[in-house]
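Side-chain atoms are counted along with the backbone in the values below, which use heavy atoms only and exclude waters and symmetry mates. Keep in mind that what you see is a predicted model, and the values were worked out from it rather than measured.
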Amino acid sequence: MNSKLKKFLSAGAFLLFFLCGLILLYHIFSWKDTSGDYFSSVNQMYSMKKNTVDVSFFGPSSYYTALNLAVFWEDCGIASFNAAVSGQDRNASTYFIKEMLKSQSPKIVMVSATYLIVDHYAVQGNLLRNTLSLRGSLNAIELVRELVPENGETSGDNGVKDYLLRWPILHSRYRELKREDFVSVRSNDNCLGYVYGDTANVIEQFGPDSFDRSAVTPISDDVRQWIDELASLGEQEGFQLLVVSVPMELGAQERASLNGCYAYLDEKGIPFLDMNYLLDEMDFQPSHDMTDGNHANTDGAIKISRYLAEYLSETFSLPDRREQRGYERYDACLRNYHHRLFVKNVLPYADSMRLSDYIDGTEGLIAAINLKPGIPESASAFAQLLLDDGVPGEELSRGGTWIVADGTVVCRPQPKQYGYAVNESEYLYVTPSGTPGFDSISVGKTDYFTPFVEGCCVITYDTVLEKIIDVRKLGEETDDVVADFN
């Protein structure tokens with residue numbers, strides 16, 4: 001091989017490694033959503049099967065906390081998608097709608113009434129989420145060119161070119177980076193854009209301004225133009241524009257501006273709903289169903305979504321897709337919903353007997369059942385579960401850790417480390433200590449050292465939610481044995 005060829009190959013290899021290094025650094029240092037929710041409705045939008053969305057929702061965070069897609073599917077078979085992004089204003093929504101129309105043909109495009117009164121980003125993080133979320137496209141370029149100059153105070157030290165290149169816009173939580181920052185999170189993806197929220201309530205009722213119909217501020221030219229543009233786009237693309245305000249606290253100026261916008265929508269024949277006037281009909285209680293003045297919690301979202309599902313189905317004669325092929329993503333969304341409700345509403349109140357029944361009969365649950373020698377009364381239900389699945393009583397009495405998946409024993413005590421795959425990349429591992437029943441159990445990077453647990457221990461992992469949902473310590477070590485399992 002001559003020297004010139006060697007130099008050429010060496011230079012090529014160096015350039016390749018250099019580029020790979022730059023790509024890796026960019027992947028690490030480039031901006032990431034600082035909310036820490038590991039949730040991107042935009043990524044999910046791109047992953048949806050073509051032409052499977054009949055109803056799409058566009059709005060700020062008040063939309064992605066209020067519209068639960070599983071409810072629309074379970075109640076009426078509506079195939080919907082929630083494309084809301086934190087803080088999104090009407091200017092960004094136009095480009096997000098156009099981007100969705102590349103792969104979907106929705107019959108209804110529902111936009112937040114908040115768009116009628118907000119067109120600026122007060123928080124830089126929200127501007128970043130909206131300008132950097134779309135894939136590279138003409139829509140993404142036009143979005144940046146429109147939003148960044150208009151929101152100069154919140155664009156930081158970066159100009160339009162930096163937003164277009166998506167560099168050197170950096171995030172600030174390098175120490176907190178997790179696997180979820182680099183890969184898709186299935187348990188979130190299956191929510192189809194909805195974000196579950198169960199934080200404490202901080203309001204009792206909405207103030208009187210939230211319901212005042214008397215004051216009216218005439219619609220602005222900018223808002224009128226935006227409405228006309230979306231209505232025209234709907235005529236071209238074959239969708240019906242619908243404007244909906246989900247329940248929220250409104251000030252006097254906000255309410256007056258909405259009243260003026262509603263008058264124009266009525267004049268144009270564009271349907272709209274203000275759900276502040278439907279609270280009684282939905283049995284909606286702000287003190288119970290909201291996390292704050294703008295965001296519904298999980299319970300509130302169920303009520304809002306049930307009402308809207310029936311309204312959409314009846315008003316626009318939407319098809320029921322539940323028995324049709326190609327909509328399996330929505331079935332996964334529904335399973336996710338039921339598992340989340342189980343963790344929220346059922347599991348915290350389940351005693352040992354009920355938990356053993358759930359482990360035995362619920363699809364998607366994996367449990368590591370650790371029994372010390374001399375089984376205490378509190379663990380007898382789990383011992384009985386193992387007995388019923390064919391584990392000999394003599395084996396139980398010696399103690400150890402058994403792994404049960406979907407009600408079936410899949411791993412029994414062994415002298416060396418053993419485990420079971422809980423998802424595509426993680427295992428539930430049991431590391432024996434040499435003393436029966438005194439094992440260490442780990443899932444992913446989380447360790448549970450049962451030698452320091454008084455009595456027995458049951459760790460339950462949910463394969464649908466991809467996380468540990470219950471760690472239960474059972475009784476104390478005593479010589480009392482409830483049943484003779486020999």
Side-chain angles (χ1 to χ4, degrees), residues 15 17-46 58-65 83-100 112 114-115 117-185 188 193 195 220 222-223 225-226 292 294-295:
L15 181 61
F17 281 113
F18 180 73
L19 290 175
C20 290
L22 282 181
I23 292 171
L24 178 61
L25 287 174
Y26 179 86
H27 205 37
I28 295 174
F29 290 104
S30 59
W31 181 83
K32 294 175 176 59
D33 193 334
T34 52
S35 68
D37 293 330
Y38 309 113
F39 193 95
S40 172
S41 60
V42 181
N43 288 340
Q44 296 166 32
M45 178 179 77
Y46 285 121
F58 296 86
S61 56
S62 58
Y63 254 35
Y64 71 57
T65 60
V85 178
S86 182
Q88 189 177 97
D89 74 345
R90 62 175 174 270
N91 301 312
S93 71
T94 302
Y95 297 103
F96 278 72
I97 291 171
K98 290 179 179 178
E99 194 71 8
M100 173 175 271
S112 172
T114 307
Y115 288 159
I117 54 178
V118 177
D119 64 350
H120 191 81
Y121 292 94
V123 180
Q124 184 184 21
N126 285 342
L127 177 63
L128 290 167
R129 291 183 184 102
N130 284 275
T131 52
L132 303 182
S133 293
L134 294 182
R135 291 176 179 173
S137 64
L138 185 59
N139 286 328
I141 293 172
E142 292 178 348
L143 183 152
V144 168
R145 285 177 171 171
E146 180 169 340
L147 289 191
V148 174
E150 293 295 324
N151 293 273
E153 293 182 2
T154 56
S155 61
D157 297 329
N158 303 105
V160 172
K161 185 176 73 172
D162 299 323
Y163 278 78
L164 290 173
L165 295 175
R166 307 185 180 206
W167 183 268
I169 297 173
L170 307 177
H171 61 87
S172 59
R173 54 187 185 88
Y174 304 101
R175 294 182 180 179
E176 304 169 14
L177 290 179
K178 299 180 180 179
R179 180 179 68 93
E180 291 86 349
D181 283 298
F182 301 95
V183 299
S184 178
V185 183
N188 283 343
V195 177
S220 70
D222 287 343
V223 176
Q225 181 179 349
W226 178 75
D292 55 38
N294 294 320
H295 303 93

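Between the CG atom of L147 and the CD atom of E142 there is a distance of 11.5 Å, given to the nearest 0.5 Å. Within the model, atoms CE of M100 and OH of Y46 stand 10.0 Å from one another, a figure rounded to the nearest 0.5 Å. Once rounded to the nearest 0.5 Å, the distance linking OG1 of T131 with CZ of R129 reads 11.0 Å.
Within 6.0 Å of CD on E150 lie no more than 12 heavy atoms contributed by other residues, nucleotides or ligands.
In this structure, T154 contributes its side chain and Y121 its backbone to a donor-acceptor pair below 3.5 Å. Judged by distance alone, the side chain of Y95 and the main-chain N or O of L134 form no donor-acceptor pair under 3.5 Å.
Nearest approach of Y63 to A84, heavy atoms of both residues: CB-CB, 3.7 Å. Between A83 and Q88 the shortest heavy-atom distance is O-NE2, 4.3 Å. Pairing each heavy atom of L143 with each of A92, the nearest pair is CD1-O, 4.1 Å. Across all their heavy atoms, G59 and S112 have their closest contact at CA-CB, 3.9 Å. Heavy atoms only, all atoms of each residue included: E99 and S137 are closest at OE1-OG, 3.3 Å. Considering every non-hydrogen atom in both S133 and V42, the closest pair reads O-CG1, 3.4 Å.
Listed by first and then second residue, the salt bridge (charged side-chain N to carboxylate O under 4.0 Å, His left out) pairs involving residues 88-97 are R90-D119 (not counting sequence neighbours).
Checked by atom type, the side-chain pair S86/N126 shows a donor-acceptor distance below 3.5 Å.
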Which atom pairs, donor and acceptor, lie under 3.5 Å between side-chain atoms of residues 155-163 and protein residues at least two apart or in another chain?
residue, atom, partner, partner atom, Å
S155, OG, G152, O, 2.9
D162, OD2, G159, N, 3.1
Y163, OH, S155, O, 3.0

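A heavy-atom distance below 4.5 Å is found between the side chains of F96 and N130.
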